[in-house]
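So you know, we letter chains A, B, ... as the sequences are listed, proteins then strands, and number each from 1. Only heavy atoms go into these numbers, but all of them, side chains included; no hydrogens, no water, no symmetry mates.
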Protein chains: 2
Amino acid sequence: MSQTTSPTARLMDGSALARRLGAETAERAAALTARTGQAPCLATVLVGEDPASVTYVRMKRNRCAKAGIQSRHVALPADTGTAQLVDTIGGLSADPGVHGILLQHPVGPHVDERAAFEAIAPEKDVDGVTAHSFAAMSLGMPGFASCTPGGIMRLLDHYDVELSGKHAVVVGRSAILGKPAGMLLLARNATVTYCHSRTTDLAAHVREADVLIAAVGRARFLHGDQLKPGAVVVDAGYNVGNVGDVDFASAAAVASLITPVPGGVGPMTIATLLAQTVDAATRLSGAAG
Amino acid sequence: MSQTTSPTARLMDGSALARRLGAETAERAAALTARTGQAPCLATVLVGEDPASVTYVRMKRNRCAKAGIQSRHVALPADTGTAQLVDTIGGLSADPGVHGILLQHPVGPHVDERAAFEAIAPEKDVDGVTAHSFAAMSLGMPGFASCTPGGIMRLLDHYDVELSGKHAVVVGRSAILGKPAGMLLLARNATVTYCHSRTTDLAAHVREADVLIAAVGRARFLHGDQLKPGAVVVDAGYNVGNVGDVDFASAAAVASLITPVPGGVGPMTIATLLAQTVDAATRLSGAAG
């Protein structure tokens, strides 16, 4: 994981960019609060007490506090069913004091996660998990980006990565990461290939990538010897042991740009969540953006 | 275009399969009408008098009549604006006598086509053009398929084309054809590449396709010498002179399966529209499917 093992790749420093975006977001939150008398408010919903989920939610709420965004936490017991979860989220969707809603996932196998997501009002879907947000990302309509893909796009833009006409290979096809990441890249005129667990000869596809998005959820699944020299490598994985989906040391020796784990995509995900919460509050308050 | 020029490819006969699906649809329509006392009803909306659009709508209404599906036609003047069109479609969405809504496109450059599409209630979106339908196709939720991609999937299934693990290359990325086609193929575990006008070295991508979906809208844009031998070729193009996006003669000499134009994807598009209209009427009437 040491960044000194890379003889070629430049780091895409998500921590630094997230700090910058966070500072902007805090300024916008303060200005909005001054104008409207109400701070932006993110509701966080957690089902059960999975330690990783508890940590994620705490981290997001801490970041909110630092940015001048209120957060309201709803902790539900692990055995909460779909109907009750949908009800709770529906209440937050209707509550004028709430501007953004985050349902921490996973919600457990007994819950229909899609139904729960769909209870989030599109204008409060600052985590970009609803069908509406997915279609908006895909079809160029107004709407929120899923936070991880949205954060990735901000990172690529910050490092002036040319996307038009480039071949972007997305490994992974989840509804909130792989699929929307591909759609956002397609909207920016990349040629986009989706690979996944059923892909035959993954290595052949990865080797063609000018831009590689690793969104698999398997530690060090992809290696430098599989990459096209000079590829831009975005590692959206975060696995046990704080390691990504890409073997950093070998990949950094081949790539031109690469995100570290931690300190790459992760901070951008949270920064995007906060920025979108202020966007939502701005629109919902009717205040000028 | 002659089908006798193919020494190798088997034809995917969309006309024959559409007749079969049409007969099933007519039976279901008759049974539903008998049960509920109301025939399924498709509303068709046409803005202006573009000759091709007039012909398409007439053809669709004729097919409806043959299948025992009522149709109600709304002809609007060419200068109809977005607000009026949205209003008209909203009225049809609220009308309990209408089960499906088809807005014939293009609607003219002065109209916000997306706003018009979004006025279609999701449960009546039998043409599969709304954001909701796109997300449903993409995320595996209940909903209608866009008719052309939906028809393509029926055709591929009928000819037992294995999709899992295969590399499907979609050339074109429109909201109602290329994009949803790719999402449906991805849902069936194909590795999917989206190519388009900005793709660099299109030929290299086409050559990798086990399954090629041509959705470009340029006559004979793709040729047999670009194909992987044995590829399955689906030509969703329909250009002036009744020719597809693929040069049939040269492609049929290399492909293992190919759709003719006409008589391939086109008939399946209309057959899917009718089948989905009966699906919608069945659900809206509360009758057992």
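The choice from B:Ala136, B:Ser138, B:Ser174 that makes the most heavy-atom pairs within less than 4.5 Å of chain A is B:Ser138. For the set A:Val170, A:Thr199, A:Thr130, A:Thr193, the entry with the most heavy-atom pairs within less than 4.5 Å of chain B is A:Thr193. Per-residue heavy-atom pair counts under 4.5 Å with chain B were compared for A:Leu202, A:Thr200, A:Asp201, A:Val169, and the maximum is reached by A:Thr200. Counting heavy-atom pairs closer than 4.5 Å to chain A, the top-ranked of the candidates B:His132, B:Glu208, B:Lys166, B:Met141 is B:Met141.
Side chains of A:Met183 and B:Met183 form a contact here, defined as non-hydrogen atoms less than 4.5 Å apart. Side-chain contact check for B:Phe134 versus A:Leu139: some heavy-atom pair is nearer than 4.5 Å.
A perpendicular orientation is assigned to the rings of B:His167 and A:His205, their planes being inclined by more than 60° (bins at 30° and 60°).
Of the atoms belonging to B:Ala190, it is backbone heavy atoms, and not side-chain ones, that fall under 4.5 Å from chain A. Only the side chain of B:Glu118 comes within less than 4.5 Å of a heavy atom in chain A; its backbone stays farther off.
Closest approach of B:Lys179 and A:Leu186 over heavy atoms only: CE-CD2, 3.8 Å. Nearest approach of B:Thr191 to A:Tyr194, heavy atoms of both residues: CG2-O, 3.3 Å. Of all heavy-atom pairs between B:Asn189 and A:His196, the closest is O-CE1, 3.3 Å.
Within 6.0 Å of CZ on A:Arg218 lie no more than 12 heavy atoms contributed by other residues, nucleotides or ligands. For A:Arg198, the CZ atom sits in a loose shell: 12 or fewer heavy atoms of surrounding residues, nucleotides or ligands are nearer than 6.0 Å.
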